[in-house]
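This report refers to the structure that appears directly beneath it.
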Protein chains: 2
Amino acid sequence: MSQPSEFKALDKSLRKQQVIDAATRVFHQKGYHSATLEDVAAELGLSKAALYHYVSSKEDLLSHIYLQALEAFFASAYEIGRLDLAPPAKLRRFIRHHIQQVIIDNLAMFAVFFAEENQLPEADRRQIRREKAKYTQVVEGILAQGMAQGHFRPSDPRLTAFALIGMCNWVYKWYRPGAKGFDPQVISEHFITLLEQGLLARPEGQAAAGRPRELVQELRRQAQALAAQIAELEKLC
Amino acid sequence: MSQPSEFKALDKSLRKQQVIDAATRVFHQKGYHSATLEDVAAELGLSKAALYHYVSSKEDLLSHIYLQALEAFFASAYEIGRLDLAPPAKLRRFIRHHIQQVIIDNLAMFAVFFAEENQLPEADRRQIRREKAKYTQVVEGILAQGMAQGHFRPSDPRLTAFALIGMCNWVYKWYRPGAKGFDPQVISEHFITLLEQGLLARPEGQAAAGRPRELVQELRRQAQALAAQIAELEKLC
DNA sequence: GTCAAATTACTAACCAGTCGGTAACATCAT
DNA sequence: ATGATGTTACCGACTGGTTAGTAATTTGAC
């Protein structure tokens, strides 16, 4: 019968997942190179040699972590990008998903993902870079669409995407699960509001003046940026 | 005489700095643990043993990098925090300084700083954590002040500080000096405008300025208003 | 009894740090 | 100025500990 062997197979892949998860925790805590396979084995109550039943090398272990991180990235990103929603709503969904389901649900995984890219062989590294670029492009697409439809203030979509993704990814550096601290939902909504509304108080921008001289410089720069945006748009008309 | 010995001392500390800089580059590229002292020595055309004239251990080398990173952090942060400026102007200065003089001027150093904290002994780690908290508090202070004075929309200053710092720190992940890509000044001003104004188009959150033609008109109006503000302020200077 | 899971015991490579030494140069008493 | 004495900057060769990966062997579930 194939039933038992399927059970076996399931068992084995389940165990393999446990090995990967243990490695993720250990690599996160000690760093990929400092961590030994004995550490990983100890985390599971196994001997080092037993790990080689499930993975072929330490590097293979790291590759698996990266593959799963990419899966987490793209689990819903594409669908959100393709949803039939107005860009602001799309963006809100994306941010909530990225902060909560991607980063916070996989803290250790992304700590490793962001830290150990250079330990991978060049071929894998190139793939990772491509996939990251794709992810940025999803955000860029939402932003560009929103600007074209007049929902968002016009600005360079790539630079804005970098800002947004950086703000969200950085969460892995300071968020600690449990107990006191910020709730994932609170973080998401705070970031969404900050991104949409900005910092400045709405009613009047007048009191916001520092020294006139600096303000003039600042306004001039804004004026230049505006002029560039106008020029660019006029080409399209 | 003490003159000659002082010259010597200067020479030695200069060489030591070269060693630290080389280590920063190598640690950045390969990671602290993967990098060997032979790699660092090769970068300088020296033998491994020679390094021990300038530093006492590999870990000591890493400590030096962290100390210098903290210096870079605080070189101007405190002064900016204490300046007699309105909070929005203070914040703009801070962001420009952080992106350009802290992160971009020391890319490799901060790549190491953000990646290798766990390789330091616990005592050093605690100090680093304290200093980072202080740095966040400078930003928090500016934000809280700005909210109290009605310049900024009220919100949790710590969470906003995390967002801001994350957005700016993340630059080290994608900024590549030289050639094509974004200019440090452009990045700073873009982030400042995004943070202050937010993403949403000004007049209404709706599709008020849907078509490019209307958008151009809207931007022209903004430009005129800006020009008027500039003219008015220049009279005061 | 057989096969998968796991173990103990081992090897080969690597690397931080040490040691003994050398060449170049400075210092200074004579 | 000279040569005795010390110092600085460096090197090649080595050591001792560590660790990825392997081989031979045991355990135990069905």
Side-chain angles (χ1 to χ4, degrees), chain A residues 1-24 26-27 29-65 112 116 118-121 124, chain B residues 1-24 26-27 29-65 112 116 118-121 124:
Chain A
M1 287 297 226
S2 60
Q3 213 70 325
S5 74
E6 267 173 24
F7 271 122
K8 289 273 179 190
L10 191 69
D11 252 344
K12 175 148 182 177
S13 77
L14 199 117
R15 202 92 166 102
K16 178 169 177 173
Q17 189 56 49
Q18 289 178 334
V19 170
I20 295 169
D21 290 347
T24 304
V26 175
F27 290 174
Q29 213 203 16
K30 304 198 167 187
Y32 171 71
H33 224 89
S34 301
T36 73
L37 288 185
E38 215 115 32
D39 292 334
V40 176
E43 180 91 2
L44 291 161
L46 288 180
S47 73
K48 180 180 63 164
L51 301 180
Y52 285 85
H53 281 277
Y54 304 102
V55 290
S56 62
S57 69
K58 194 184 182 186
E59 199 180 270
D60 183 42
L61 213 34
L62 189 61
S63 287
H64 274 96
I65 295 172
V112 175
E116 311 289 356
N118 284 353
Q119 308 301 331
L120 251 34
D124 293 10
Chain B
M1 286 299 224
S2 60
Q3 213 70 322
S5 74
E6 267 173 25
F7 272 122
K8 289 274 177 189
L10 193 69
D11 251 344
K12 175 148 182 178
S13 77
L14 200 115
R15 203 87 167 108
K16 178 169 177 174
Q17 190 55 49
Q18 290 178 334
V19 171
I20 296 170
D21 290 345
T24 303
V26 176
F27 290 174
Q29 213 203 13
K30 304 199 168 188
Y32 171 71
H33 223 88
S34 301
T36 72
L37 289 186
E38 216 115 30
D39 293 333
V40 177
E43 179 91 2
L44 292 162
L46 288 180
S47 73
K48 182 177 62 162
L51 299 181
Y52 285 86
H53 281 276
Y54 303 104
V55 290
S56 62
S57 68
K58 195 184 183 188
E59 200 180 88
D60 183 42
L61 213 35
L62 189 61
S63 287
H64 273 96
I65 295 172
V112 175
E116 312 289 357
N118 284 352
Q119 308 301 333
L120 249 34
D124 293 8

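Proteins come first, then strands; the chains are lettered A, B, ... in the order of their sequence lines, and each starts at number 1. Quick caveat: nothing in here was measured; it's all calculated off a predicted structure.
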Interatomic distance, [X] [atom1] vs [N] [atom2] [rounded to whole Å]:
X: A/L37; N: D/dT18; atom1: CG; atom2: P; result: 16 Å
X: A/Y32; N: D/dT19; atom1: OH; atom2: P; result: 14 Å
X: A/L62; N: D/dG21; atom1: CG; atom2: P; result: 12 Å
X: B/H33; N: D/dT18; atom1: NE2; atom2: P; result: 11 Å
X: A/H53; N: C/dA5; atom1: NE2; atom2: C1'; result: 5 Å
X: B/K16; N: D/dT8; atom1: NZ; atom2: C1'; result: 16 Å
X: B/D60; N: C/dA16; atom1: CG; atom2: P; result: 14 Å
X: A/Y52; N: D/dA20; atom1: OH; atom2: P; result: 7 Å

(message) I want to check something: taking the side chain as every heavy atom from C-beta on, are A/V40 and A/F27 in contact at a cut-off of under 4.5 Å?
(response) yes

(message) For a 4.5 angstrom cut-off between non-hydrogen side-chain atoms, does A/Y32 reach B/H33?
(response) no

(request) Please list residues of residues 39-51 of chain B whose heavy atoms come under 4.0 Å from any atom in DNA chain C, ordered by number; otherwise none. (result) B/K48, B/A49

(request) Rounded to the nearest 0.5 Å, what's the gap from CG on B/D21 to CD on B/E43? Could you check? (result) 10.0 Å

(request) For B/D39 and B/T36, test the side chains for any donor-to-acceptor distance below 3.5 angstrom and give the result as yes or no. (result) yes

(request) Begin with the C-alpha distance, continue with both residues' side-chain angles, and end with the deciding distance and a verdict on side chain to side chain contact (heavy atoms under 4.5 Å, CB included) for A/L62 and A/D124. (result) CA-CA 11 Å; A/L62 189 61; A/D124 293 10; over 6 Å; no

(request) Answer yes or no: does a side-chain N or O of A/R15 lie under 4.0 Å from OP1 or OP2 of C/dA6? (result) yes

(message) Measuring from the side chain of B/S57 (C-beta onward, heavy atoms only), which nucleotide among D/dG21, C/dG17, C/dA6 has the closest atom?
(response) C/dG17

(request) For the side chain of B/Y54, starting at C-beta, report the closest nucleotide among D/dA9, D/dG21, C/dG17. (result) D/dA9

(request) Determine yes or no for a side-chain-to-main-chain donor-acceptor pair under 3.5 angstrom, with B/Q119 supplying the side chain and A/K30 the backbone. (result) yes

